Amino acid sequence: MADSDAPLIRLRGIVKTFGEGPTAFQALKGVDLDINAGDFIAVMGPSGSGKSTTMNILGCLDVPTAGAFLFKGVHVEKLERDQRALLRRKYLGFVFQGFNLLARTSALENVELPLLYRGDPKAQRREMAMAALDKVGLKDWWDHTPAELSGGQQQRVAIARAIVTNPDVLLADEPTGNLDSERSVEIMQLLTDLNKTSGITVLMVTHEPDMAAFAHTIVHFKDGLVERIDSNHHAGQAVTG
Amino acid sequence: MFGTTFLLAIRSILRHKLRSILTALGIIIGVAAVVTMVTLGKATTAAVQQQISALGTNILQIRPGQGFGRGGGGPRPPDFKPADVTAIRDQVAGVTAVAPQAQTTATVIYNGANWSTTVNGTTNGYFEVSPWPLIEGRYWTRAEEQAGKAVCIIGTTIQTNLFRGGSAAGSRIRVNGISCDVIGVLKTKGQAGFGGDQDDVVIMPIKQVQRRFTGSTDIRLMLVGTDPAYDSAQIQSSITDLLRERRNITGGKQDDFNIFDTAQISQTLTGTTTLLTQIVAAVAMISLIVGGIGIMNIMLVSVTERTREIGIRLAIGAVASEVLMQFLVEAVVLSMLGGVIGLLIAQFAVALMSWLGSLPFLFDIQINVIAFAISAIIGVVFGYFPARRAASLNPIDALRHE
Ligand SMILES: Nc1ncnc2c1ncn2[C@@H]1O[C@H](COP(=O)(O)OP(=O)(O)O)[C@@H](O)[C@H]1O
Ligand SMILES: [Mg+2]
């Protein structure tokens with residue numbers, strides 16, 4: 001483990017190239033970014049600027065072509081597949097724009113799944129999953145399948161699934177992209193609350209300034225690079241009521 | 001770890017009922033078809049072999065005439081005489097017994113019940129040529145045979161129909177109006193395959209049959225038992241020489257009788273049934289392949305859906321090997337379930353078709369095991385390999401799969 005001053009996450013010169021030969025496309029051209037524990041960061045930028053690609057690398061769902069990705073001082077880009085899986089299991093929670101819940105599976109069982117892979121006993125799984133569902137306000141909906149839930153509810157189940165393991169970092173790629181503004185605000189308030197009370201580091205991609213206004217820091221992407229980083233001193237004071 | 005995997009696999013099977021049923025169905029059909037066809041093929045073979053053994057081994061059948069498909073036209077060659085029987089028995093080396101036969105059909109009556117059957121007139125030599133134990137009573141004595149006494153030995157079909165299965169020895173039945181003492185009941189031989197009933201017979205001394213029914217001492221069939229230590233061809237040529245001499249056939253004239261070697265017939269029939277079994281096995285292979293293709297289709301169709309599922313599982317922290325293990329357990333459970341159901345259906349189908357075709361019911365452990373194993377392998381292979389490809393993707397690529 002590195003010294004305590006080092007940030008939780010450090011990206012240095014991250015390059016991601018899709019494809020090979022003449023059709024190869026460089027989506028990230030050398031991203032540098034530091035994220036400290038407890039941060040609440042909004043990632044903004046035009047479509048195709050590399051926001052999702054960066055999030056996927058941070059979430060260990062994808063690997064960079066070049067560059068260094070340090071998580072708690074560990075060089076993630078040098079880890080094996082299964083070690084990255086264990087990193088996801090232990091420290092990371094991911095929320096997708098498209099929810100990605102298992103079909104025909106109850107909210108409770110969806111939320112329990114990460115605990116199951118972690119090997120928790122049944123009673124503990126139940127308890128923790130119910131607590132997570134309670135946090136997102138869906139305690140009474142535990143036995144509903146995704147098809148029986150609204151989009152906002154599905155996203156809240158997905159958030160419950162992402163936080164049930166008490167991860168260090170919650171990554172959310174356009175979590176409100178498929179929701180109306182009222183549901184979006186609910187989700188933002190939920191993320192703010194998780195960041196504040198549970199101390200989870202939150203990284204969220206969004207197109208809407210209203211949503212970004214909830215974050216402490218706003219990272220602007222452009223053409224596969226970090227363009228600028230803004231501090232948001234009015235975080236939390238935005239859209240309320 | 002394994003408990004978790006098993007739980008996930010069972011959940012997945014139950015949650016995708018249609019997909020599970022369709023997958024299992026491919027295996028069910030494959031196993032049922034293969035087992036049914038091969039078992040019926042073997043049952044047919046068994047029936048043919050039973051018929052062959054009903055003919056008896058090491059037995060020569062001698063008839064007047066030039067045999068099947070030969071000769072024709074001209075005067076009918078004379079039947080054999082009782083002296084021919086003794087001559088063959090006494091003069092040909094390697095002959096163990098000779099039984100003349102005179103057959104007729106007759107109605108037998110006992111106590112108001114009547115039954116139409118075959119009456120077979122012969123000598124005690126018949127039981128030496130092909131042993132047939134009694135379950136009740138005795139064979140006739142030499143004296144009874146020579147006097148042509150009205151005594152008869154009956155098959156169990158007669159016993160069942162006239163005596164309702166009860167004791168028959170000592171009773172007196174009427175055979176075409178002639179009364180006859182039942183002295184013995186033969187042990188059940190069973191169907192000779194394809195519906196021929198060997199137990200539907202009344203055996204009487206040949207002299208009685210000739211005197212009362214056929215009206216002459218002519219013999220139309222002789223059964224000759226041979227010693228297996230002797231060369232059958234040698235015995236046949238000795239008999240031929242003897243009969244030619246006794247029937248005054250000289251020089252280049254053709255024989256006016258024919259000798260059938262049952263061993264030769266059984267060789268031919270065995271060859272035929274071997275071919276039959278091979279054809280059946282080929283057809284069975286085809287249905288197994290068809291079943292396999294069915295399984296493969298279902299598996300491939302569900303790969304898109306499953307690839308995204310694999311992506312989700314990986315994204316929330318599953319290790320690739322855990323996901324793969326789940327898919328393997330799913331495939332194994334479905335294949336085994338399909339295999340067992342297929343085997344059960346096959347037994348019913350075999351029972352039904354054996355009954356319809358008067359074939360013996362068979363349970364052939366070998367084909368059951370083979371069919372089960374092969375379809376399990378097909379199910380596992382087609383369930384496992386697409387999953388392995390999906391699990392080797394980056395989680396994000398699996399999630400994006402379309
Ligand atoms: N799997 C992929 N294969 C090829 N090109 C990709 C792939 N993923 C993303 N890209 C390309 O990389 C660029 C950045 O994509 P992305 O990170 O998804 O952008 P954003 O999320 O900022 O809209 C886009 O031009 C996109 O077309
Ligand atoms: Mg994106």
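Chain naming here is simple, since letters A, B, ... match the order of the sequence lines and numbering starts at 1 in each. These values consider heavy atoms only, across backbone and side chains, with no hydrogens, waters or symmetry-generated copies. Just so it is clear, the structure is predicted and the values come from calculations on it, not from any experiment.
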Using heavy-atom distances under 4.5 Å, tell me whether R81(A) contacts chain B through its side chain, its backbone, both, or neither. side chain
Sort E112(A) into side chain, backbone, both or neither according to what part of it lies under 4.5 angstrom from a heavy atom of chain B. side chain
Pick one of side chain, backbone, both or neither for T105(A), based on which atoms fall under 4.5 Å of a heavy atom in chain B. both
Region of L101(A) that comes under 4.5 Å of a non-hydrogen atom in chain B: backbone
Going through the checks in order, is the side-chain hydrogen bond (donor to acceptor under 3.5 Å, both in side chains) test met by S12(B) and E330(B)? CA-CA 8 Å; S12(B) 177; E330(B) 266 183 58; 3.0 Å; yes
Under 3.5 Å, is there a donor-acceptor pair linking the side chains of T201(A) and D39(A)? no
Proximity breakdown for I312(B) and chain A, heavy-atom pairs closer than 4.5 Å: side chain
Compute the centroid of each ring, for F363(B) and then for F361(B), and state whether the two points are separated by less than 6.0 Å. no
I'd like to verify something: which residue of G311(B), A398(B), P395(B) has the highest number of heavy-atom pairs under 4.5 Å with chain A? P395(B)
Please say which of H207(A), M211(A), M204(A) ends up in a side-chain contact (heavy atoms from CB on, under 4.5 Å) with E174(A). H207(A)
Find the distance between CG (L194(A)) and CZ (F40(A)) and round it off to the nearest 0.5 Å. 9.0 Å
For T307(B), all residues meeting side-chain hydrogen bond (donor to acceptor under 3.5 Å, both in side chains), sequence neighbours excluded: none
Between chain B and each of R118(A), R161(A), E109(A), K90(A), count heavy-atom pairs under 4.5 Å; write down the option with the most. E109(A)
By a 4.5 Å heavy-atom criterion (distance strictly below it), what part of N56(A) contacts chain B: side chain, backbone, both, or neither? side chain
Interface moiety of L393(B) toward chain A, non-hydrogen atoms closer than 4.5 Å: backbone
Salt-bridge present (D168(A), K72(A); N to O < 4.0 Å): yes
